[in-house]
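Keep in mind it's a predicted model, so treat the numbers as computed, not measured. Below, read A as the first sequence line, B as the second, and so on, with proteins coming before strands; counting in each chain starts at 1.
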Protein chains: 2
Amino acid sequence: MITFVDSAAGERERGDGPRCLDPQLWHACAGGMVQMPPPGSRVYYFPQGHAEHAQGQAAVDFPPGARLQALVLCRVAAVRFMADPDTDEVFAKIRLVPARPQDADANDAIAAAAAQEDKPASFAKTLTQSDANNGGGFSVPRYCAETIFPRLDYSADPPVQTVLAKDVHGVVWKFRHIYRGTPRRHLLTTGWSSFVNQKKLVAGDSIVFMRTENGDLCVGIRRAKKGGIGGPELLGEEDGGNNKMMGARGKARVRVRPEEVAEAANLAASGQPFDVLYYPRASTPEFCVRAAAVRAAMRTQWCPGMRFKMAFETEDSSRISWFMGTVSAVQVADPIRWPNSPWRLLQVTWDEPDLLQNVKR
Amino acid sequence: MITFVDSAAGERERGDGPRCLDPQLWHACAGGMVQMPPPGSRVYYFPQGHAEHAQGQAAVDFPPGARLQALVLCRVAAVRFMADPDTDEVFAKIRLVPARPQDADANDAIAAAAAQEDKPASFAKTLTQSDANNGGGFSVPRYCAETIFPRLDYSADPPVQTVLAKDVHGVVWKFRHIYRGTPRRHLLTTGWSSFVNQKKLVAGDSIVFMRTENGDLCVGIRRAKKGGIGGPELLGEEDGGNNKMMGARGKARVRVRPEEVAEAANLAASGQPFDVLYYPRASTPEFCVRAAAVRAAMRTQWCPGMRFKMAFETEDSSRISWFMGTVSAVQVADPIRWPNSPWRLLQVTWDEPDLLQNVKR
DNA sequence: ACAGTTTGTCGGCCTTTCCGACAAACCAT
DNA sequence: ATGGTTTGTCGGAAAGGCCGACAAACTGT
């Protein structure tokens, strides 16, 4: 394997191929609202959702003859946290084993609570024009510099230090961190420019800094959704445990191939173990949803006029906000192919006048 | 382990610690005249020489009581080719097992001849002021560019290519190689500056380029001997198989600690296996000399007035030249501590009027 | 010794990037 | 609203580094 650096600081830990990365950095990159089902827990697998995850527009070609189910109860056998070698985009490889309903539901809730704990401090910033284009500098928000970066010695004039940050591949980047200007502000100078160039960052992309338990700094990337850098700021995000929102822009390049979806759906239907790739930032709904959450949602009789609350994350990952809306219609997506599918599309009218959003369940 | 790169190109193969490096690159860095005794061959180990290798001035503190021998016949058990992680200086860790004279002398000559073969093409250049200080460029001697570097496409205007060279640690450096100017000449531009900075090269240091059998390029470093960068060009080099010259400048930092020498000498005297570190560019005489060479030299009755010829290597490692001299005195170095030691210092007056040189044996 | 070739050094100029000034945006009262 | 704080953008300036010109050094005859 190869660590490759050019006009920059880089360091690599190991020399293996597409390896698993630190789950905490993975979560920091995925966004604070992504919660992966822990191994051993049970989820419902939605072939329809998997298909949406795979496609831009091209429909997945499910074999016509096969007896497919709209949702399959599975046990999570393993979750591998990974990152795209080229784009640094994080994704997970989830191994699912179809299960029978009467199987034990054991630790679902407990494990979920445990996963919530000890989440290390992280901070995300969307790159400005100046961060991405200008003379090789990055304006570090004060909060980020003070809580995520290593302590800076303010007695020096000007206060400067070298900051090392490991990316999702284990490559370490070296930045000069300086506190200067009038008024004073935190900046990354030397090293930033080549980071931007090598990661091919543009204004609108986000950068995530995370501090591990042992004090090391990590850096991740969240590419801007394609189809317009400027635009309104609303970006699709994951739900708070029950519901899901889907961004309207999107049209990402291929990450999951339709054949893989078809194969997974078939294996699921025939009760065999299978792997799925899950891209947490793909702006499509979850297709592996906690069994308990699905059952709770199914108990609700959704009908037009109901008020609807959906969580989303603010840009800097520091808080969680809510959108309010009203259910305007309830319709089954594709009654012919997927009879009795709870993969209903609720049409919601948001209080904030924005694009119509499709919300699952 | 760490690959560290800053404003440069770097790449690492493996992640282990002080590992062994490619023997051919090691030899290219050591200089064309260094010949390591192959495993299985026999050498005489000279504690006195080992001590000189270790010290700047500080004498090695041999335990007074111990019965030490001036030279110990040993079998070479293993040779590990290594490089200093900080300075890139090459050295070898030699495992020696004391042997009895009547043991087989087997393959000494054969192995030596074999070692001579398939030495890959390499080229060394001493850095000029312009190479080391000026606007980040390196003037590549035509011979080096044409025989060591990858083929350049001269049909382009100007002819340019990116050259990758792996250093002794497996880190790959990236250089822009261009053929331009009037008159035309080969230059390394982008990437060179940061190589100089990170390797802390100064005018007077040498850089070694080597081409491996499979066509890959390697780069090594030979630091200038300390105590004056400018000065006369004569640098101490190894002998042609029989004799040894010792540079007068030197005073290098510690590489071998006196305790290690004392321990090795004791183990040698008591017939136990031991390790020695050998720095081929330390400007001290060999202290592990082929058994056959020692016996040949011992048969000669050295006396004042004898003519003396000693090989040395030219700066670019392309040729071997000879110094002629006359033996002016024969004296045993330290008759009290080392009775009957052949570690005599012949005093030689060189034909070229230079500093007096001490020559072993 | 001479002519041809090779390469070390220099000044010019272009690019990169570091810097404070300023003001817009943001926040807390 | 208002004042204090934070941070995005800009133009100036310094540094880095690429270039050909020129001449010194070297080579072979």
Side-chain angles (χ1 to χ4, degrees), chain A residues 6-9 123-147 157-160 162 174-198 203-204 207 229-230 233 314-316 318-319, chain B residues 6-8 123-147 157-160 162 174-198 203-204 206-207 229-230 233 314-316 318-319:
Chain A
D6 171 41
S7 325
F123 188 93
K125 183 193 174 187
T126 300
L127 267 51
T128 65
Q129 293 283 358
S130 296
D131 292 332
N133 307 332
N134 281 3
F138 173 77
S139 192
V140 186
R142 165 182 288 274
Y143 177 84
C144 175
E146 289 181 348
T147 65
D157 182 53
V160 220
T162 295
K174 184 175 166 184
F175 302 107
R176 189 170 84 122
H177 168 205
I178 189 167
Y179 183 66
R180 64 161 173 80
T182 41
R184 294 269 179 273
R185 92 282 314 274
H186 293 272
L187 296 163
L188 294 185
T189 58
T190 312
W192 173 255
S193 171
S194 79
F195 180 80
V196 168
N197 289 336
Q198 285 186 60
I207 182 169
I229 296 168
E233 245 3 282
T314 54
E315 264 306 310
D316 66 357
S318 68
R319 289 160 296 140
Chain B
D6 171 41
S7 326
F123 188 92
K125 182 193 175 186
T126 300
L127 268 49
T128 66
Q129 293 283 357
S130 297
D131 292 332
N133 306 331
N134 281 3
F138 173 76
S139 192
V140 186
R142 165 182 289 273
Y143 177 84
C144 175
E146 290 180 349
T147 64
D157 181 52
V160 219
T162 296
K174 185 175 167 185
F175 302 107
R176 189 170 84 122
H177 169 207
I178 190 169
Y179 184 65
R180 63 162 174 81
T182 40
R184 294 269 179 271
R185 93 282 316 278
H186 293 272
L187 295 162
L188 294 184
T189 59
T190 311
W192 173 254
S193 170
S194 79
F195 180 80
V196 167
N197 290 335
Q198 285 187 56
S206 294
I207 183 170
I229 295 167
E233 244 6 276
T314 54
E315 263 308 310
D316 67 358
S318 67
R319 291 159 296 144

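- With dT9(D), dT9(C), dC18(C) as the candidates, the nucleotide lying closest to the side chain of Ser130(B) is dT9(C).
- The line from CZ of Arg180(A) to CZ of Arg185(A) is 7.0 Å long, rounded to the nearest 0.5 Å.
- The side chain of Arg176(A) sits closest to dC18(C) out of dT7(D), dG8(D), dC18(C).
- In this structure, His177(B) and His186(B) approach most closely via the heavy-atom pair NE2-ND1, 2.9 Å.
- Ranked by how close their nearest DNA chain D nucleotide is to the 5' end, Ser139(A) and Leu187(B) are led by Ser139(A).
- Closest approach of Ser206(B) and Thr126(B) over heavy atoms only: OG-OG1, 3.1 Å.
- Among dT6(D), dC19(C), dC19(D), the nucleotide with an atom closest to any side-chain atom of Arg142(A) is dT6(D).
- Atom CG of Leu127(A) and atom P of dT9(D) are 11 Å apart (whole Å).
- Residue Phe195(B) holds its CZ atom at 4.0 Å from CD1 of Ile207(B), rounded to the nearest 0.5 Å.
- When all heavy atoms of Ala132(A) and Ala203(A) are compared, the closest pair comes out as CB-N, 3.4 Å.
- Taking 4.0 angstrom as the limit, Thr189(B) places none of its side-chain polar atoms (N or O) nearer than this to OP1 or OP2 of dG17(D).
- Remark: the backbone N or O of Ser139(B) is not paired with any side-chain donor or acceptor of Trp192(B) at under 3.5 angstrom.
- When side chains are defined from C-beta on, Tyr179(B) does not count as touching Val140(B), because their heavy atoms never get closer than 4.5 Å.
- Residue Arg176(B) holds its CZ atom at 10.5 Å from CG of Leu188(B), rounded to the nearest 0.5 Å.
- Distance CZ (Phe138(B)) to C1' (dT6(C)): 14 Å, rounded to an integer number of Å.
- The closest donor-acceptor contact from the side chain of Asp131(A) to the backbone of Thr128(A) lies under 3.5 Å.
- Using cut-offs of 30° and 60° on the angle between ring planes, the pair Phe123(A) and Tyr143(A) is tilted.
- Spacing between atom CG of Leu188(A) and atom C1' of dT16(C) amounts to 17 Å, rounded to whole angstrom units.
- At whole-Å resolution of the value, CD1 in Ile178(B) and P in dC18(D) are 9 Å apart.
- Here Lys125(A) does not reach the OP1 or OP2 of dT6(D): none of its side-chain N or O atoms lies under 4.0 Å away.
- Across the protein-nucleic acid pair, Tyr143(A) atom OH and dC27(C) atom C1' stand 16 Å apart, rounded to whole Å.
- The nearest whole Å value for the distance from the CD atom in Gln129(B) to the P atom in dG8(C) is 12 Å.
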Could you run down the sub-3.5 Å N/O contacts of the protein with nucleotides 20-23 of chain C?
| from | atom 1 | to | atom 2 | distance (Å) |
| --- | --- | --- | --- | --- |
| dG20(C) | OP2 | Arg180(A) | NH1 | 3.3 |
| dG20(C) | OP2 | Gly181(A) | N | 3.0 |
| dA21(C) | OP2 | Thr182(A) | OG1 | 2.2 |
| dC22(C) | N4 | Arg185(A) | NH2 | 3.3 |

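- Contact check, Thr190(A) against dT17(C): no side-chain N or O comes under 4.0 Å of OP1 or OP2.
- If one axis is set at each end of the helix from dA1(C)-dT29(D) to dT29(C)-dA1(D) from five pairs, those axes are 30° apart, to 10°.
- Summarising the geometry, the separation between CD on Glu146(A) and C1' on dT7(D) is reported as 14 Å, rounded to the nearest angstrom.
- Residue Asn133(B) contributes atom CG, which lies 14 Å from atom C1' of dG17(D) at whole-angstrom precision.
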